[in-house]
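Small disclaimer: the values here were computed from a predicted structure and weren't measured.
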Amino acid sequence: MPTTDAYWMNRILFDIHHRDDHLHRYRRDPDAYMAPTPLEPSLKHAIRDNDIGAMYLAGVNPYLLRAHCLGLHIPESVFLQSLRCAGGEGGN
């Protein structure tokens with residue numbers, strides 16, 4: 001069962017990439033965009049800093065993570081490396 005934190009993180013990523021003008025607002029000031037969301041700062045920082053591994057471990061939907069990387073033009077190699085590190089593979 002997803003946690004409340006995972007719900008809010010998923011919601012942020014969904015809205016950024018599926019609602020008009022949300023991506024622009026997020027890019028302009030991620031911290032201000034996420035300010036009204038009831039998440040602890042470390043989880044907001046994971047989103048803001050594009051810490052894919054931390055978001056995955058926090059319960060973010062993998063499809064939303066992938067869409068987030070595509071929407072922000074994060075290279076696939078960075079996406080995969082972050083997941084490998086989160087999985088304990090250390091990048092191997």
Side-chain angles (χ1 to χ4, degrees):
M1 185 72 160
T3 65
T4 303
D5 287 337
Y7 167 81
W8 284 111
M9 294 177 81
N10 284 317
R11 178 66 186 263
I12 288 170
L13 294 185
F14 180 88
D15 287 350
I16 288 171
H17 299 289
H18 292 90
R19 298 191 183 275
D20 290 340
D21 194 45
H22 282 244
L23 180 58
H24 175 73
R25 289 176 34 222
Y26 173 78
R27 282 187 170 157
R28 186 174 48 227
D29 189 344
D31 293 320
Y33 178 85
M34 292 186 287
T37 307
L39 276 176
E40 62 183 76
S42 65
L43 296 175
K44 289 180 181 181
H45 294 165
I47 295 170
R48 181 199 64 207
D49 299 340
N50 298 311
D51 188 339
I52 305 305
M55 288 189 278
Y56 177 76
L57 292 175
V60 173
N61 180 292
Y63 293 108
L64 289 174
L65 282 175
R66 188 67 182 128
H68 184 63
C69 288
L70 292 171
L72 293 180
H73 305 287
I74 296 169
E76 183 175 4
S77 60
V78 172
F79 171 76
L80 293 173
Q81 180 66 25
S82 188
L83 288 178
R84 285 184 187 113
C85 289
E89 294 181 36
N92 296 327

Does any part of the side chain of R27, heavy atoms only, come nearer than 4.5 Å to the side chain of L72, both counted from C-beta? yes
For residues 13-24, which residue pairs pass the salt bridge (Lys or Arg N to Asp or Glu O under 4.0 Å) check, not counting sequence neighbours? R11-D15, D15-R19
Less than 6.0 angstrom from the centroid, inside 45 degrees of the normal: does R66 satisfy that with respect to the ring of F79? yes
dist I52:CD1 -> C85:SG (nearest 0.5 Å) comes out at 12.0 Å
Which residue pairs satisfy the ring pair (Phe, Tyr, Trp, His ring centres under 6.0 Å) criterion with at least one member in residues 43-65, sequence neighbours excluded? none
Count I, L, V, M, F, W, Y as connected when their side-chain heavy atoms are under 4.5 Å apart, and connections chain through other members. Are L70 and V60 then in the same cluster? no
Atom pair CD/CH2 of E40 and W8 - distance to nearest 0.5 Å: 15.0 Å
What I'd like to find out is whether the side chain of I16 reaches to under 4.5 Å of the side chain of Y33, using heavy atoms alone. yes
Between I12 and the options M34, H68, M55, the side chain to side chain contact (heavy atoms under 4.5 Å, CB included) test singles out M34
In this structure, CZ of R48 is separated from CG of D29 (nearest 0.5 Å) by 10.0 Å
Residues passing the side-chain hydrogen bond (donor to acceptor under 3.5 Å, both in side chains) test with H73, sequence neighbours excluded, are none
Nearest-0.5 Å distance that lies between atom CD1 in I47 and atom CG in L65: 9.5 Å
Spacing of OG1 belonging to T37 relative to CG belonging to L43, to within rounding of 0.5 Å: 11.5 Å
